[in-house]
Protein chains: 2
Amino acid sequence: MKSDEIKEAALKYFTIHGYEGASLSIIAEEVGMKKQSIYSHFKGKDDLFLQVLRDAKETELSSKLQYFSKGDKKNPEKVLYGFLKLIINLFQQNEQLKFWLRMSFFPPAHLEKVIEQEVIDIEEKVQRVLERNFQDWINDKLIIGESAETPTYAFLGVVDSILLELVYGNDEKRLNDKLEASWTVFWRGISHH
Amino acid sequence: MKSDEIKEAALKYFTIHGYEGASLSIIAEEVGMKKQSIYSHFKGKDDLFLQVLRDAKETELSSKLQYFSKGDKKNPEKVLYGFLKLIINLFQQNEQLKFWLRMSFFPPAHLEKVIEQEVIDIEEKVQRVLERNFQDWINDKLIIGESAETPTYAFLGVVDSILLELVYGNDEKRLNDKLEASWTVFWRGISHH
DNA sequence: TTTACCCGAACGAACGGTCGTTAGTTATAC
DNA sequence: GTATAACTAACGACCGTTCGTTCGGGTAAA
């Protein structure tokens, strides 16, 4: 499918140069056509962008939710650490997560509202799943605390810090060091010991 | 000074729209002149951008280093939590930190190398100061651990997660909740108790 | 089997605009 | 009188987009 090739190239250049910095001509060139031909597949630049955005969103959301839908869940240490590893793998295996991050934090101004809603949607869903798990672990006395909110937010913070390191990402060793450090301190912070 | 006004406007639009999305004409318009007049003060767009970048870098670096140069330092809980509060204040009080963050993570492609070096420079300096403090606290048995590396990286992770929330930033309550959660878990993770 | 038509896909050409930049000119201030 | 800062005008390049056209493959009528 040609339109998939276009979206793939668009994803690449949107990620590297941002919305404004990515031109239809370089995207078209990447797939071996002229920029006018893109209009046979998409209504315009915005349409192309939003389709790429929604593809990226769906990939990220389904990957995360799928992770929590399987596994035995009775070992928070394994589940949570595994989730961090999942994030790293997702990021390193396909471009969509980096694109998604860039557009979440620095969206093209005229699409800010649309993007914000997509981001809120995905964020709420992930948070809800996490919170439910933490509540179970608290009830089973597998971790400390009363409300699930504190460990949920703290864990989301760890996820964010790893993501930031990945975006910044030119140093594999530093990434691993930060992961181990954040995880060690986080786990000590929520576990009985 | 007119060139300061130009830099101020440039900072604003570079932050909102990125390097490629910010045009010299809107920047000039903001200070009430034509875009050609900018060339009386700067060599071109890159020159303007790099001057704004270095101003932002210096502001951030000096703010952070200054924080650690004063205070009694014998109370890690106060020092570290105060640092997080400082970051939040810095971010909310001037645009430079947001600009700096945007350009650290998603630099204009043709200036990537220059920017990367500035980022590495600032990061190393902050990390070194932090690491020295953590080592002292470990030696004084004010926090747990052997090497200063783990708490340093973990704390930098907390800082990053707060920064991300600030960038994302449309929800003051959520910011405070995440700050409290991350801080609570982090402090429990490195303190005797 | 041929003919006529349709339609998606890609094209060249061109549109109005904006981009960053340069040259040359004018006004203001020391 | 000289320097500085702003201006007008214009440059070539590229932007996203639209138009009309062409080509090829399927479909239906002859």
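Per chain, numbering begins at 1; letters A, B, ... match sequence-line order. The basis for the numbers below is simple: all heavy atoms, side chains too, and nothing from hydrogens, waters or symmetry mates.
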Strand-adjacent residues in residues 25-43 of chain B, judged by heavy atoms under 4.0 Å from DNA chain D: M33(B), K34(B), Q36(B), S37(B), S40(B), H41(B)

Reported CD1-to-CZ distance for the pair I144(B) and R188(A), which is rounded to 0.5 angstrom: 3.5 Å

Distance-minimising heavy-atom pair for I138(A) and G145(A): CG2-O, 3.1 Å

Contact list for DNA chain C against residues 5-18 of chain B - heavy-atom distance below 4.0 Å: none

Ring centre gap for H193(A) and H193(B) strictly below 6.0 Å: yes

Listed nucleotide nearest any side-chain atom of L24(B), set dG16(D), dT21(C), dC19(C): dT21(C)

K45(B) NZ - dT18(C) P separation (whole Å): 15 Å

Pairs involving residues 146-172 of chain B, ordered by first then second residue, that meet salt bridge (Lys or Arg N to Asp or Glu O under 4.0 Å) (sequence neighbours left out): K178(A)-D160(B), E165(B)-R174(B), E165(B)-K178(B)

Nearest-angstrom distance from the residue atom CG of D46(B) to C1' of dT21(C): 12 Å

N75(B) side chain to Y81(B) side chain, donor-acceptor N/O pair below 3.5 angstrom: no

Any W187(B) side-chain heavy atom under 4.5 Å of V158(B) side chain: no

Parallel, tilted or perpendicular, as decided by the 30° and 60° cut-offs, for the rings of F155(B) and F83(B): tilted

Return the polar atom pairs (N/O with N/O) between nucleotides 27-30 of chain C and the protein under 3.5 Å, or none.
none

Any donor-acceptor pair under 3.5 Å from R102(A) side chain to I16(A) backbone: yes

Qualifying side-chain hydrogen bond (donor to acceptor under 3.5 Å, both in side chains) pairs, either residue in residues 20-33 of chain A, two or more places apart: K12(A)-E30(A), Y13(A)-E30(A), S23(A)-S25(A)

Anything under 3.5 Å between a donor and an acceptor, one on a side chain of residues 47-60 of chain B, the other on a protein residue two or more places apart or in another chain? List them.
unit_1 : atom_1 : unit_2  : atom_2 : d
D47(B) : OD2    : K43(B)  : N      : 2.9
R54(B) : NE     : E118(B) : OE2    : 2.8
R54(B) : NH2    : E118(B) : OE2    : 3.2
D55(B) : OD2    : K7(B)   : NZ     : 2.8
K57(B) : NZ     : E118(B) : OE1    : 2.7
K57(B) : NZ     : D121(B) : OD2    : 2.8
T59(B) : OG1    : D55(B)  : O      : 3.0
T59(B) : OG1    : Q96(B)  : OE1    : 3.4
T59(B) : OG1    : Q96(B)  : NE2    : 3.0
E60(B) : OE1    : W100(B) : NE1    : 2.9
E60(B) : OE2    : K64(B)  : NZ     : 2.6

